[in-house]
There are 2 protein chains.
Amino acid sequence: MNKKTTIYDIAEKLNITAATVSRALNGNTKISEATRKLVNDTAKEMNYEQNKLALALKSGKSFNIGVIVPRIDSNFFASVIRGIEEELYPHGYHVIICQTHDQENLEIENINSLLNAQVDGILMSISNAKLETSEHFQKLLRKGVPLIFFDRKKDIPGVSSVTIDDFKGAYDATKHLINQGCKRIAHLSNNREMQIFKNRYLGYKQALIDSGIEFDESIVIETMSKVLEGRKTTKLLLNMNYPPDAIFSSSDFTALGAIEEIKAHGLKIPEDVSVVGFSNEPFTRFMELSITSVDQSPIEMGRIAAKVFLEEANNSKKIKSEKRVVLSPELIIRDSSLKLKN
Amino acid sequence: MNKKTTIYDIAEKLNITAATVSRALNGNTKISEATRKLVNDTAKEMNYEQNKLALALKSGKSFNIGVIVPRIDSNFFASVIRGIEEELYPHGYHVIICQTHDQENLEIENINSLLNAQVDGILMSISNAKLETSEHFQKLLRKGVPLIFFDRKKDIPGVSSVTIDDFKGAYDATKHLINQGCKRIAHLSNNREMQIFKNRYLGYKQALIDSGIEFDESIVIETMSKVLEGRKTTKLLLNMNYPPDAIFSSSDFTALGAIEEIKAHGLKIPEDVSVVGFSNEPFTRFMELSITSVDQSPIEMGRIAAKVFLEEANNSKKIKSEKRVVLSPELIIRDSSLKLKN
DNA sequence: CTGTTAGCGCGTTCAT
DNA sequence: ATGAACGCGCTAACAG
């Protein structure tokens, strides 16, 4: 375990000063070509490598950014992170991952922890919008650390965000069902204190209204994003006096549960009941009865969030202008809703 | 954007020395209760937070560890990372993510980059075992930076690893097919320069031999882990003069392709052809015709890899003992191979 | 118990 | 073009 060589080591060997070595290595102009070459050569020879930690302490930039997500083992978040990493790596940044498991206290803890680690910015998807305290976010703003929300955001002045147009995604999905001839479309919703679920709900509602279809609150049911929960809720719907002929789900997992339950009731998909999910999880494509879903282009979302961060980081802190990027979702039509083959 | 307060700020305010502040904050015993309380109170009051960067430079420990994977948006790797993060977070470590996209040069680059960032250890899954140069790994050893392989490893003296028993996983899967009455079992293999695929191949082979079934190299075909590739290879197999009545695939994706192709040929699963995959990807469970697969317990793998790292990190660098943990895989039997209902 | 000094490795004045 | 000195924020060694 040999000690790492520092600029002092190579300075000593060359009987010059560490400052000169530093200058030579960093391409400072005021240096003779001779010593530059000499320094570079011996640096290579001695396997010198810059200690970014010292640089970070000196410059105040760690070239680390923190990414906080509810959990990483979901295709959506993993893909966003992939996009972030790919965009940031060429710029010399490293990505630190934190998970909140939807626990607010962990979210706060993670932010503080990342702050102590002197990250240059934080990109995150909020775990829960219920709580009023945005104190931990304000803290970031005060410290001048760029904060960027993706997907699950909160409206805070001065904070940029990258989301998809959930309203449009839901609107398009519902319109599609209507165009396929569906007359009574149920909605498996989710905690509408989160903007994404609220907007999906509103998009669904508006599509109905625009098409002159009665909006019936009784067939809008909050359902946790789990297959089994989807089954349960669907069972309720199918046992109603006036059951739906289509289900628009705010989650692919509940959509899958819905499909299972519909089949269990001996009904046909899409003929008797059509189903549309949300997120375009990989499995929706793989199913024998493939599932129509709304794609959120997560990798792209990550890339853009990263770009927004880079802009803010290089903005030499002029005006704290916030940027709100809204990506357009794409409806991927598959078997579970395609009644009319053109 | 207020400057961060340092121990000097609070020392100045209290007319004491920064060293004393440091001691008070760190629970050093040789300090009066009075000043301790005073320091702690004013620290809180001034919103003091320790700069881990300075600590890292001083101590040589950054409390960051690097995780290198081919890509993060695969359920397996994402789950391993989840396990790592969850295990390490309570110990104060942060996890830095790097992707190689199976490019060897990126693998080397990532290691160097992480090294410059002074990570305390590297946990990784190798991208490609072809190349002979393990120079970048030796470098880590020389520097005394713990290196731990998970899943895709390389045998290097002094390097610990956490893997599953791929041989057993394949052996059990093949035995299961034999027990179901299958007589001619094909194998969708993959690049066998990687230990995991080599061992799966060997386990498959051994199970055949142990059961007195002829091993036929012509129905072992290397296939990239893609659905479409699985279809192509399966087409070849089904068009043979003596086609297989079962397929053991080293990947769930090729298994899925196989299933699609078998159905396209008008054959029934599992009656005509049984299929077993590997990895227990989420979709294998969700399919209407669920797919039998071998579970690798990725979260557990990540947790254990993290624990091995912690041991090495705290081992006060005595003997460079390597640890090779081999987890037992679990065969999850589902529709695609269950002919005999008990 | 507390202050003084020094150093982790680097870049950056200010001189020369 | 180069050297000397300093500071980033913190802890540890040595005094007292």
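Below, read A as the first sequence line, B as the second, and so on, with proteins coming before strands; counting in each chain starts at 1. Since we're looking at a predicted model, the values are computed, not measured.
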Look at the side-chain N and O atoms of [X] and state whether any lies under 4.0 Å from the OP1 or OP2 oxygen of [N].
X       : N      : value
A/Tyr8  : C/dG11 : no
B/Thr35 : C/dT2  : yes
A/Thr20 : D/dG3  : yes
A/Ser32 : D/dA1  : no

Sugar-phosphate, base or nothing in reach of [X], heavy atoms under 4.0 Å:
X       : result
A/Leu53 : nothing
A/Leu57 : base
A/Asp9  : nothing
B/Thr17 : base
A/Leu55 : sugar-phosphate

Check the distance between [N]'s [atom2] and [X]'s [atom1] and give it to me in whole angstrom.
X       : N      : atom1 : atom2 : answer
A/Arg36 : D/dT2  : CZ    : P     : 10 Å
A/Lys30 : C/dT16 : NZ    : C1'   : 14 Å
A/Ile10 : C/dG9  : CD1   : C1'   : 13 Å
B/Asn28 : C/dC1  : CG    : C1'   : 10 Å
B/Lys52 : D/dC10 : NZ    : C1'   : 12 Å
B/Met46 : D/dG9  : CE    : C1'   : 14 Å
B/Ile31 : D/dT11 : CD1   : P     : 12 Å
A/Lys61 : C/dG9  : NZ    : P     : 23 Å

task: Starting from the C-alpha separation in whole Å, work towards a yes-or-no answer on side-chain hydrogen bond (donor to acceptor under 3.5 Å, both in side chains) for A/Tyr48 and A/Asp9.
output: CA-CA 9 Å; A/Tyr48 169 75; A/Asp9 299 328; over 6 Å; no
message = Is it the case that the side chains of A/Thr17 and A/Thr20 hold a donor-acceptor pair, with the cut-off being a distance below 3.5 Å and no angle test?
response = no
Can you figure out which of [options] approaches the side chain of [X] most closely?
X       : options               : value
A/Ala54 : C/dT12, D/dG3, C/dC10 : C/dC10
A/Lys58 : D/dG7, D/dG3, D/dC14  : D/dG7
A/Gln50 : C/dT2, C/dG11, D/dC10 : C/dG11

- Task: Return yes if some donor-acceptor pair links the side-chain N/O of A/Arg36 with the main-chain N/O of A/Asn28 below 3.5 Å, else return no.
- Result: yes
Discussion item. Ring-plane angle category for B/Phe137 and B/Phe149, please: parallel below 30°, perpendicular beyond 60°, tilted otherwise.
Written reply: perpendicular
5'-most contact on DNA chain C (nearest-nucleotide basis), A/Asn51 vs B/Arg23, goes to B/Arg23
Heavy-atom closest pair (B/Ala18 atom, B/Ala11 atom, distance to 0.1 Å) is N-CB, 3.6 Å
If you count every heavy atom of other residues, nucleotides or ligands that lies below 6.0 Å from A/Glu12 atom CD, does the total exceed 12? no
